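Worksheet: the structure to be examined is printed underneath.
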Protein chains: 2
Amino acid sequence: MSDLKSTPNPLFLRDDELRQGIELLFFGYRDFTARADQTLAAYDFGRAHHRVIYFVGRNPGMTVSDLLDILKITKQSLSRVLSQLVREGFIVQRPGTTDRRQRLLSLTDKGAELERRLTEDQRALVARAYKAAGADAVEGFKKVLLGLINEEDRVRFRTQNPAGPGSTPTMPGNTGGNSGGTGSR
Amino acid sequence: MSDLKSTPNPLFLRDDELRQGIELLFFGYRDFTARADQTLAAYDFGRAHHRVIYFVGRNPGMTVSDLLDILKITKQSLSRVLSQLVREGFIVQRPGTTDRRQRLLSLTDKGAELERRLTEDQRALVARAYKAAGADAVEGFKKVLLGLINEEDRVRFRTQNPAGPGSTPTMPGNTGGNSGGTGSR
DNA sequence: GATTTTATGTCAGCCATGTTGACTTATTTA
DNA sequence: TAAATAAGTCAACATGGCTGACATAAAATC
């Protein structure tokens, strides 16, 4: 019940086409994250840890504030996983050089190793899908996803840049969603 | 670990391309779900409710078992949200005709109304991204996502089918992931 | 130099949504 | 009649969001 068809839209904007897109996103994302979850479980970590490790891996020397901005969670929430990762030797913190209040984050060898394993899981999955779909499809895939992303974060992506200098933080796991922001951030 | 580049891969399979795909998925999915979350909050519902409402809406008369199979959560988890939705008049249960142990689920008018609002949020978002990207891009988008989905669920999608009879259950929100299955299912 | 702001962290407790385990109640099947 | 199945319930636990209230060190400002 429901879709009231009859919009003078191009075919690809028909109601059921959009529905299908919604569903593809759901299942696609679900399976995309499933792999890494297994690896994480072996370390007794969750997706929250994955995200931290991933971003710190991509932005060595980033500050806690930087990380909070990307993750969009409260510092209390971050603290839970971050301090655990530090305690267990996956991440190190060193005081900022110019601003000594900061704690610059980076992966230890151990942390980098885990990061590699986690990302490898997902990379392999994406590579398989890319290969099966072909280069043109990949272009379209990126274009559409980019359109789903809010303006603000969209700039993180310079699609088509053949060799970025290496500053395009991203993230793997999943996020609750509801920010709010009173505790911190 | 990690593809030491230098693989004779086509450009679109390069390491940083894959990384970017991973990141696009993360941000894209995050923002894709954000909209509906707001609507849900107004009803004091979460994504779990969304999923139930969505699937029941797509499969009127489905059994609880059917729903559990799709959601891949335990019946105890489902029970929490389902009974709430029934209690508050969004979903009705009626005994199965042939097998009276079953409780066939369907949306009430109130439930259908909410379903419409929720899906509308996401549909609009997807439509915007589709429109901006163009029909060809949409094809590619679907192709790649399909490749990310596990074989089993992939059959739910008959991409390219211009007018399915209406049996392609899907889901919007997000899922924890870890099944396990002792409690039920 | 004293005051205020900023970066980071911590304690405590709440909420949503997963999980496991143990059972109960109908109803269908064997 | 006995066993299996569909659905549901109670209880307890884990993860990972959130809020509020503070604490500490260092930087910035007056």
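What you see is a predicted model; the values in this text were computed from it and never measured. Throughout, a chain's letter reflects where its sequence line sits, starting with A, and its residues are numbered from 1.
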note: Arg103(A), atom CZ; dG9(C), atom P; distance rounded to Å ~ 5 Å

Taken to the nearest whole Å, CZ/Arg47(B) to C1'/dA16(C) is 12 Å

Closest to the side chain of Thr74(A), out of dA7(D), dT19(D), dT19(C), is dT19(D)

query = Sub-3.5 Å donor-acceptor pair from the side chain of Arg154(A) to the main-chain atoms of Ile149(A), do we have one?
reply = yes

Is the distance from OP1 or OP2 of dG13(C) to the nearest side-chain N or O of Gln76(A) less than 4.0 Å? no

Query raised in the report: Would you say the side chain of Asp99(A) lies within less than 4.5 Å of the side chain of Thr63(A), judging by non-hydrogen atoms?
Result: no

* Asked: Does Lys110(B) pair with Glu113(B) as a salt bridge, N-O distance under 4.0 Å?
  -> no

**hbond_proxy Arg101(B) side chain to dT5(D) base (donor-acceptor, 3.5 Å cutoff)** = yes

Between His49(A) and Thr98(A), the residue closer to the 5' end of DNA chain D by nearest nucleotide is His49(A)

Practice item. Answer yes or no: does a side-chain N or O of Ser65(B) lie under 4.0 Å from OP1 or OP2 of dA6(D)? Key: no

Rounded to whole Å, the CG-C1' distance (Leu40(A) to dA14(D)) equals 15 Å

Could Arg19(B) and Glu115(A) be called an ion pair, given the rule that one side-chain N must be under 4.0 Å from one carboxylate O? yes

With Tyr43(B) as partner, the option from His49(B), Arg117(B), Glu88(B) fulfilling side-chain hydrogen bond (donor to acceptor under 3.5 Å, both in side chains) is Arg117(B)

Rounded to whole Å, CG of Asp99(B) lies from P of dT25(C) at a distance of 19 Å

Item to check | Test item: Met62(B) and Val56(B) side chains (from C-beta on) under 4.5 Å apart, heavy atoms | outcome: yes

From CD1 of Ile73(B) across to C1' of dT19(C) the rounded distance in Å is 11 Å

Practice task
Spell out, yes or no, whether Val86(A) and Val64(A) are grouped together once hydrophobic residues are joined by side-chain heavy atoms under 4.5 Å, including indirect joins.
Solution key: yes

For a quick test of reading the model: is some side-chain N or O of Arg100(A) closer than 4.0 Å to OP1 or OP2 of dA27(D)?
yes

Phosphate oxygens OP1/OP2 of dT17(C): is one of them under 4.0 Å from a side-chain N or O of Ser77(B)?
no

Under a 4.0 Å heavy-atom cutoff, the residues of residues 78-92 of chain B touching DNA chain D are Ser79(B)

From CD of Gln93(B) across to C1' of dA6(D) the rounded distance in Å is 12 Å

Assign each of Asp44(B) and Leu105(A) the nucleotide of DNA chain C bearing its closest heavy atom; nearer the 5' end lies the nucleotide of Leu105(A)

